[in-house]
Amino acid sequence: MNIVITGATSGIGKQLAIDYGAQGHVVWGIGRNEAQLAELAAHGIHTESVDLLNREQTLAWGNRFDSVDLAILSAGSCEYIDMPNFDSALLARVMRINVETMGHSIEALLPALRRASRPHLVGIGSSAAYLPLPRAEAYGASKAAVAYLIETLRITLSPEQIDVSLVCPGFVKTPLTDKNDFAMPMRISVEQASRAIRRGIDKRQAEIHFPKRFTYILKTLSLLPRGIWKRIGMKMIKGS
Ligand SMILES: NC(=O)c1ccc[n+]([C@@H]2O[C@H](COP(=O)([O-])OP(=O)(O)OC[C@H]3O[C@@H](n4cnc5c(N)ncnc54)[C@H](OP(=O)(O)O)[C@@H]3O)[C@@H](O)[C@H]2O)c1
């Protein structure tokens, strides 16, 4: 397969690039960190530095591909809002990095996906979007937007036989979560995350979520009446 992975210079995207490369696929890994791109190249991965916030640069990069069988959009970031300081610049930054880069990537890669015989578009969202989590006002909102975007594309791209999957991880040990100052229940390794994602991609699952024990708890909690969840959420703030 010809595989394109954004966010390939770190964490989940990097592990996926290395694992797919080791399986003999032709992998293009995208990011901006030059040292990390060089490390990927040493694994036989084609690399390019692209700032996905730059629409023109991203579209020009996408134009170079003849056909892409699998595109995995993993670029993203996470920042938390600490009340009483509601920081709208933080909100805008997180929305741009998680949503706008995904929009640019999709626009750039759709022509090459359309030229593949069995194309598959995969967007990395988050289980944080399942329910309102304290401090995740910005991150959760961005991932809720990603979920809506990807899940709607699953419908609108189906007449063109383009499969679309949404990935909703729980906590995965990466530089993104290494910054967190709170307990991360059931955090798994990038190797485990890569395995779960590749398994889900093989089965072309609509939603790939893991670790299951954690994501099913969040899915169940999301069914609670919002008044009850508010009281639990307030206890989470006091406990942090
Ligand atoms: N780790 C978790 O527990 C977890 C849980 C749920 C969801 N997720 C999601 O999974 C995805 C990957 O997370 P991760 O933990 O692997 O994060 P990470 O280790 O921080 O990696 C983030 C990647 O995004 C790239 N990136 C950010 N801004 C970019 C830009 N403007 N242009 C190009 N590339 C850009 C970074 O590349 P450069 O630094 O080279 O620019 C890096 O490769 C994210 O969407 C995250 O929200 C993660």
Side-chain angles (χ1 to χ4, degrees), residues 4-19 27-41 45 47-62 71-80 92-106 108-109 122-131 133 136 138-147 149-150 165-194 196-197 200 207-211 214-215 218:
V4 174
I5 302 174
T6 72
T9 45
S10 181
I12 298 171
K14 179 178 175 183
Q15 192 62 42
L16 283 168
I18 291 170
D19 289 343
V27 180
W28 280 271
I30 306 312
R32 294 166 303 176
N33 182 310
E34 293 296 341
Q36 288 294 326
L37 287 171
E39 196 185 319
L40 280 182
I45 290 152
T47 61
E48 190 155 341
S49 174
V50 181
D51 181 0
L52 298 171
L53 284 171
N54 183 323
R55 179 171 178 262
E56 300 315 315
Q57 199 187 112
T58 309
L59 295 187
W61 159 73
I72 305 176
L73 311 181
S74 186
S77 82
C78 179
E79 291 182 72
Y80 294 112
R93 200 160 54 235
V94 172
M95 291 301 284
R96 287 197 72 210
I97 297 177
N98 289 344
V99 185
E100 215 172 300
T101 63
M102 195 164 277
H104 295 162
S105 307
I106 291 167
L109 295 171
V122 178
I124 311 274
S126 172
S127 56
Y130 291 162
L131 74 175
L133 295 167
Y139 183 68
S142 74
K143 291 300 183 179
V146 164
L149 174 66
I150 293 295
S165 299
L166 175 68
V167 178
C168 297
F171 291 112
V172 182
K173 185 174 171 15
T174 70
L176 183 143
T177 51
D178 283 343
K179 291 182 296 191
N180 288 347
D181 55 2
F182 53 84
M184 288 171 272
M186 299 178 223
R187 185 161 73 151
I188 60 171
S189 67
V190 270
E191 289 82 3
Q192 289 172 301
S194 167
I197 294 170
E207 190 201 1
I208 302 166
H209 62 97
F210 57 86
F214 180 76
T215 48
L218 287 191

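Bear in mind that the values here come from a model prediction, so they are computed numbers and not experimental data. Positions are given from 1, in the same order as the sequence printed here. Heavy-atom basis, side chains included; hydrogens, waters and symmetry copies ignored. Atoms within each ligand, like the ligands themselves, are counted from 1 in listed order.
Asn98 and Ser142 share a donor-acceptor pair across their side chains, judged by distance under 3.5 Å alone. Using modelled atom types and a 3.5 Å distance limit, the side chains of Thr215 and His209 yield a donor-acceptor pair.
Under 4.0 Å from any atom of ligand 1, one finds heavy atoms of residues Gly7, Ala8, Thr9, Ser10, Gly11, Ile12, Gly31, Arg32, Asn33, Val50, Asp51, Leu52, Leu53, Ser74, Ala75, Gly76, Ile97, Ile124, Gly125, Ser126, Tyr139, Lys143, Pro169, Gly170, Phe171, Val172, Thr174, Pro175, Leu176, Thr177.
Shown here for Ala129 and Ala144, the closest heavy-atom pair between the two residues is CB-N, 3.7 Å.
Residues passing the salt bridge (charged side-chain N to carboxylate O under 4.0 Å, His left out) test with Glu48 are Arg64, sequence neighbours excluded.
Using cut-offs of 30° and 60° for the angle between ring planes, the Tyr80 and Tyr139 rings count as perpendicular.
No side-chain heavy atom of Val172 sits less than 4.5 Å from a side-chain heavy atom of Thr177.
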